[in-house]
2 protein chains.
Amino acid sequence: MKSLRRYLPILSWARTYDRETATSDLVAAVIVTIMLIPQSLAYALLAGLPPEVGLYASILPLVAYAIFGTSRALAVGPVAVVSLMTASAVGELAAQGTAEYLGAAITLAFLSGLMLMAMGVFRLGFLASLLSHPVISGFITASGLLIASSQLKHIFGIPAGGHTLYDILLAIASTIGNTNPVTLVIGVSATLFLFWVRKGLKPLLLKLGVKPFLADILTKAGPVAAVAVTTVIAAGFDLGAKGVKLVGDIPSGLPMPHLPALDSALWLDLAPAALLISVIGFVESVSVAQTLAAKRRQRIEPDQELIGLGASNIASAISGGYPVTGGFARSVVNFDAGAATPAAGAYTAVGIAVATLFLTPLLTNLPQATLAATIIVAVLSLVDFKAIQRTYAYSRSDFAAMAATIVVTLFFGVEQGVVTGVILSIALHLYRSSRPHMAVVGIVPGSEHFRNVDRHTVVTGDRVLSIRVDESLFFANSRYLEDKIYALIAERPAIEHVVLMCPAVNAIDASALESLEEINHRLQDSGVSFNLSEVKGPVMDKLKRTDFITHLTGKVFLSQYDALCELDPLTAHRSEARTPKRVAQSGPWTGPEI
Amino acid sequence: MKSLRRYLPILSWARTYDRETATSDLVAAVIVTIMLIPQSLAYALLAGLPPEVGLYASILPLVAYAIFGTSRALAVGPVAVVSLMTASAVGELAAQGTAEYLGAAITLAFLSGLMLMAMGVFRLGFLASLLSHPVISGFITASGLLIASSQLKHIFGIPAGGHTLYDILLAIASTIGNTNPVTLVIGVSATLFLFWVRKGLKPLLLKLGVKPFLADILTKAGPVAAVAVTTVIAAGFDLGAKGVKLVGDIPSGLPMPHLPALDSALWLDLAPAALLISVIGFVESVSVAQTLAAKRRQRIEPDQELIGLGASNIASAISGGYPVTGGFARSVVNFDAGAATPAAGAYTAVGIAVATLFLTPLLTNLPQATLAATIIVAVLSLVDFKAIQRTYAYSRSDFAAMAATIVVTLFFGVEQGVVTGVILSIALHLYRSSRPHMAVVGIVPGSEHFRNVDRHTVVTGDRVLSIRVDESLFFANSRYLEDKIYALIAERPAIEHVVLMCPAVNAIDASALESLEEINHRLQDSGVSFNLSEVKGPVMDKLKRTDFITHLTGKVFLSQYDALCELDPLTAHRSEARTPKRVAQSGPWTGPEI
C-alpha cells in the first residue's frame with residue numbers, strides 16, 4: 001500500500017478531499033482554462049502544428065498529472081521552450097503541414113513520456129543535475145530570443161522559416177518587402193497592448209481601487225482580451241480576404257485515443273531529441289513545482305515527478321498532442337487562483353475539452369499575428385541578461401559554459417546548444433578538479449595550526465615537507481598530484497619525510513590509490529618516508545580494505561601536529577618557544593586563505 | 001633560446017655528449033635492434049599490414065623522438081595495442097591487403113601525429129587524465145585477450161577474421177577443420193618455447209653462473225632464436241610447399257619520404273580513431289617514460305612528450321609506416337642495456353635501416369606462425385586479472401567502469417570499449433559527487449571540536465542546526481544540498497538558526513551559489529537564519545565578489561565554535577561543564593569517521 005501510494009500520489013490527497021477544497025480547485029480551474037486556450041493555440045503554432053493539437057495537449061496530460069504528480073499547483077501543457085525544441089527536432093524529418101510532421105511530433109511526445117517514466121522508475125532524476133544553472137539560464141535566454149524572432153514573420157505577415165537566428169533573420173530580410181500592412185498593424189498593436197497589460201495595467205487597476213487578487217487575474221487575462229478583440233475586428237472587416245492570415249477552421253470534437261505507430265527508424269531518429277526534451281522539460285517543471293511547494297511548506301518528490309511528467313506525455317501522445325511539461329506562467333496563475341490539489345488540473349482539462357467541443361468555431365477568424373504577439377510578450381520575459389552579467393562577475397568558467405550555450409543555441413540549434421553547454425560544464429569542472437589547490441604548509445608559532453607558507457608567517461624544518469591538498473583525489477587529478485609531489489621533492493634535497501595533509505580529501509578512487517602507491521614507492525627509492533595526516537573516517541575505512549597502509553613507508557597520523565612532533569620534534573619545539581599568539585580573531589571571517 | 005630548448009630537448013643533452021655516453025648508447029642500440037626486428041614484423045602482421053611496414057615504422061620515428069622527446073630511454077615503434085586499434089579502425093574502411101588499407105593506416109599515423117602535436121602545443125595533456133587507471137588497465141587486459149585470440153588463426157594455419165572476441169571465435173570454430181598440421185606444430189612449439197624462455201630460461205642461466213645482465217639479454221633474444229630456427233627449418237624442408245604460410249618476399253630498400261594524400265573524407269572517417277589512438281598511445285608511452293625516468297631521478301615533460309610522439313607519428317607516416325608509440329618491452333630493454341640519451345634511439349634506427357636494406361631476404365621463409373607465437377606470448381603478459389580483483393575489492397564504481405570497458409572492448413570493439421569506459425567513469429564520478437556526504441554535527445563535550453551526531457557522543461541544542469558538507473559545491477550536487485537542508489529543517493520545528501560548516505568545500509560554482517541564495521531565501525520565509533562557518537579563503541574571496549554575503553540572514557563565522565557561542569551560548573556553556581576529555585589519541589589513525 002505504501003509503495004502504491006508512492007507511485008499514485010492521488011491516493012494521499014483524495015481521501016481528505018472535501019467541498020471547500022473542491023470549490024478552491026474549481027475557481028482556479030475556470031481561470032486557468034480561460035488563460036490556457038490562447039496559450040495552447042499559440043504554442044502549437046510555434047511548434048509548427050495545427051492549432052487544435054495545442055488544445056489536445058492540454059486535456060488528457062492534465063488528468064494524468066493529477067493522478068501521478070506530486071505538486072499541488074503545477075499546471076502541465078504546451079510550453080514555449082519545449083514547443084521550440086519540438087519544431088526543431090521534427091522539422092529535420094518532415095515538412096510543416098504534412099501528416100508525417102504531426103505524426104513525428106506525437107511520437108516525440110510518446111518517446112519522451114517513456115523516457116521520463118524509465119528515469120523515474122530507475123530514479124535517474126540526478127541526470128537533470130548535469131544541467132548547471134548557467135547552462136539552463138543561458139539556454140532559456142537564447143530560446144527566448146530565438147522564439148521571439150521566429151514569430152516576427154507572423155507579425156509582418158510574410159512567409160519566412162529557419163531554425164537558427166541567422167537563418168530566421170536572413171529569411172525575414174529577403175521577404176520583408178511582401179509585408180502585409182493590415183497584419184503588421186494588428187500584430188504591432190497586439191504586442192504593444194500585451195506589453196502594456198504586463199507592465200502598466202496592474203498598477204493602474206490597483207490605483208483605481210481594484211483588489212490585488214482581481215487585478216492579477218485581469219492582468220493575466222490580457223491575451224484573452226487581445227484574442228477576442230482582434231477576432232471580432234478580423235471577422236467584422238473580413239480581413240482574411242485582405243491577406244491577413246487567420247487560424248482558420250479548427251476541427252471541433254475530441255480525438256479518439258490511439259497509440260502512435262511503432263516505426264523503429266522514426267523512434268531512433270527522434271531519440272536524442274526526446275531525451276533532451278525530457279531532461280529540459282523535467283528541469284523546468286521541477287523548478288516551478290519546487291518554488292510553489294516551498295511557499296506552502298509542501299514537498300515534491302523529484303523521482304515521482306518524472307513519472308507524473310512521463311504519464312502526461314504519454315497521455316498527450318495517445319490523444320494526438322505533442323510534448324508537454326509543467327509551465328511557469330500557468331502554474332503561478334493556478335497557484336494564485338487558489339488551486340489546492342491536483343484535482344484543479346483535472347477540472348481545467350474538462351474546461352478545455354468543453355472549449356474544444358463548442359468554442360472552436362469562434363476562433364476561425366483569430367489572426368495568427370495575435371497569437372504571435374502573445375508568444376513574443378511571454379518569451380521576452382524569459383530573457384535574462386542580468387544573469388549573464390552576474391555569472392561573468394562570479395565565475396569565468398561558468399560564464400564560458402553559459403556563453404557557449406547561448407551562442408550555439410542561437411546560431412547552430414537548440415539541441416546542439418544544450419549538449420555543448422552540458423559537455424563544456426562537465427569538462428570545465430573536470431579540468432578545474434584536475435589541478436587541485438595544493439600548498440606547502442608550516443606550523444603557526446605557539447599553536448597546533450598549519451598554514452600555507454606562501455601566505456602566513458609559519459615555521460618549517462628542513463627534514464619534513466608538509467603538503468596540504470584541497471580536493472578529493474580521483475582519476476582526473478591523480479597524475480597531477482604525482483607530478484607536483486615529485487617536483488617539490490626535487491627542489492628540496494634535505495627532505496627525509498613527506499606528510500600529505502588530507503582534511504579536504506573526501507574520497508580517493510582506485511586511480512588515486514595507485515598514484516599514492518606509486519608516490520610511496522618512488523619516495524622509498526630515494527630514502528624519503530611517505531606519511532598521511534588528518535585522513536577522514538570513510539576514506540580511511542576504504543584504504544584499510546587494501547594493503548596500502550601496510551606498504552606505507554611512513555604512518556597515518558590523526559593530526560598534522562602529531563606528525564610534526566614525531567617526525568621533527570625539534571621544529572615542533574622551536575615553534576612552541578615563539579611568542580604564542582591567536583591565529584585569527586573570532587567573528588565574521590575576513591581573513592585570507594587558511 | 002630557452003623556449004627553443006623546451007621544444008627541442010636534444011639541445012639540452014647534445015652539448016655534453018661524450019665518447020663514454022656514446023658507447024653506452026651504441027651497445028643499447030645493437031641489442032634493441034636485434035629484438036626489434038621480429039617484433040616490428042609481428043606487429044605489422046597484427047595490424048593487417050605487409051611486414052615491411054613494421055620496419056619502416058621503426059626507423060624515422062626513432063630519429064624524430066630523439067630530437068623532440070624528453071625521455072632518455074623510451075623506445076618508440078609499433079606496439080601491440082595500437083596495432084590492434086589500427087587494424088580495427090582501418091578494417092572498417094578497406095579490405096586487408098589492398099592499397100586503400102595501407103593508405104588509410106599511413107593517414108591514420110599522420111592524423112594522430114598532428115593531433116598529438118596540437119595537444120602538445122595547446123598543453124592539453126590533461127585530456128589523458130580522463131582515462132582512469134581501472135579503465136586503462138581493463139582496456140589493456142581486454143586488448144591482450146583479443147590480440148591473443150586473433151593470432152590463433154596463424155597458429156592453426158586457417159583463414160579466420162573478426163574484430164570482436166565473438167566473431168574471432170566463431171570464425172575459428174567454423175574453419176578449424178582446415179587446420180594445417182605442420183603450421184600447428186611450428187606454432188605450438190614456438191609458443192611453448194617462448195613461454196619457457198620467459199619463465200624458465202633466466203633462472204636456469206643464473207644457476208649456470210651466467211652474469212645477470214647477460215642472462216637478461218639472452219632471455220630477451222628468445223624471439224630472435226625462434227625466428228632463426230623456424231626460418232631455417234621452413235627453408236630446409238620447403239614448408240611453404242606444404243601449405244605453411246611464410247612471410248614471403250619483403251621488398252628490400254627504404255621508402256622515399258612523401259606526404260600522405262589529403263583526402264578530406266578519409267580524414268573525417270579516421271579522426272575519431274586517430275584521437276583515441278593518440279590518447280591511448282600517449283598514456284601508455286608516458287607511463288613507461290615516467291617509470292624509467294624515476295629510476296634515474298630524471299623528469300619527463302608530459303606536454304613535450306606529446307610533441308615528441310606527434311613528431312614520431314608524422315615521421316612514421318611520411319616514411320610509409322603506421323601509428324607508433326613508446327613501447328614497454330623495448331624501452332625496458334633499452335634502459336637495461338644502458339641507453340643514456342635519446343641518441344641510442346637514433347642508432348637503433350640506423351640498425352633497423354641496415355637490416356631493412358640487407359637482411360630482409362633472409363626472412364622470406366619465416367613462418368607467420370612464429371610471429372603469431374611471439375605476439376601471443378608478449379600480449380598475455382599484459383593481461384592482469386589481479387588488477388580486476390584489486391579494483392573490485394577497493395571500489396565498486398571503479399570496478400563497474402573497468403568491467404564495462406573489458407566487456408565492451410571484447411564484444412563490441414576497441415574504440416567502443418575505451419569510450420564506454422571514459423564516459424562511465426566520468427558519469428560515476430559525477431553521480432558520486434552529486435550525493436555528497438552530509439552530517440548533522442554536535443560539539444564534543446569539553447572541546448571546541450564538532451562531530452557527526454550519528455557516530456559520536458556530542459551535545460546539540462534545539463535552536464541551532466549545524467550541518468557539515470564533505471564535498472565541493474557545484475552544479476551536480478547543488479539541488480541535492482537544497483533538498484537535504486529542507487528535509488532536515490522540516491523534521492525540526494524548533495530550529496532558529498542553520499549553520500553550514502564548510503571546511504571541506506574547496507569551491508562553490510555559480511549553480512551552487514544560486515542554491516545557497518535559494519536556501520537563504522526559503523529559510524528566511526520560515527524565520528530561520530542561515531549561517532556559514534569555516535569557509536576557506538579562496539572560496540570566501542569569490543563569495544565576496546557577489547552580494548550573497550549582504551543578503552545572508554546570518555553570518556559567516558571563522559569557526560563552528562564561534563558560531564555556537566554566538567547563536568546558542570547556553571549549549572556551548574553546557575558542553576564546557578561536562579568532564580573534559582581528549583577526543584582521540586595521537587598516533588596512527590584507527591578511529592571511525594571524524
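All values below were derived from every heavy atom in this structure, side-chain atoms included, with hydrogens, water molecules and symmetry-related copies excluded. Lettering of chains follows the sequences in order, A, B, ..., and the numbering in each one begins at 1.
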**OP:** Mind checking the NE2-CZ spacing from His133(B) to Arg479(A)? Nearest 0.5 Å is all I need.
**Re:** 5.5 Å
**OP:** Taking the side chain as every heavy atom from C-beta outward, state whether Pro503(A) and Pro503(B) have any pair of such atoms under 4.5 Å apart.
**Re:** no
Original post:
Taking atom OG of Ser397(A) and atom CG of Asp509(B), what is their separation to the nearest 0.5 Å?
Top reply: 7.5 Å
**OP:** Locate the shortest heavy-atom distance separating Leu430(A) from His429(B); write the atom from each residue and the value.
**Re:** CD2-CD2, 4.0 Å
Subject >> chain B contact via Ile549(A) - which portion, at a heavy-atom distance below 4.5 Å >> reply: neither
Original post:
What is the distance from atom CD1 of Ile426(B) to atom CZ of Phe474(A), rounded to the nearest 0.5 Å?
Top reply: 9.0 Å
**OP:** Please report the closest heavy-atom contact between Phe475(B) and Ser425(A), naming both atoms and the distance.
**Re:** CE2-O, 3.7 Å
Original post:
Is chain B contacted by the side chain of Leu543(A), its backbone, both, or neither, given a heavy-atom distance below 4.5 Å?
Top reply: both
Subject >> Glu514(B) vs Thr391(A) side-chain heavy atoms within contact, under 4.5 Å >> reply: no
Subject >> chain B contact via Phe399(A) - side chain, backbone, both or neither, heavy atoms under 4.5 Å >> reply: neither
Original post:
Hey, is the main chain of Ala510(B) close enough, under 3.5 Å, to the side chain of Asp398(A) for a donor-acceptor pair?
Top reply: yes
Original post:
How many angstroms lie between OG in Ser129(B) and CG in Leu481(A), if you round to the nearest 0.5 Å?
Top reply: 12.5 Å
**OP:** Indicate yes or no: at least one non-hydrogen side-chain atom of Asp483(A) is less than 4.5 angstrom from one of Glu301(B).
**Re:** no
Subject >> Side-chain donor or acceptor of Asn506(A) paired with backbone N/O of Asp470(B) under 3.5 Å >> reply: yes
Original post:
Measuring from Ile508(A):CD1 to Tyr394(B):OH, what's the distance to the nearest 0.5 Å?
Top reply: 5.0 Å
**OP:** Below 4.5 Å from any heavy atom of chain B, which atoms of Ser478(A) appear? Answer side chain, backbone, both or neither.
**Re:** side chain
Original post:
For Ser434(B), is it the side chain, the backbone, both, or neither that has a heavy atom closer than 4.5 Å to a heavy atom of chain A?
Top reply: side chain
Subject >> Separation of Ser395(B) OG from Arg545(A) CZ (nearest 0.5 Å) >> reply: 8.0 Å
**OP:** Sort Ala427(B) into side chain, backbone, both or neither according to what part of it lies under 4.5 angstrom from a heavy atom of chain A.
**Re:** backbone
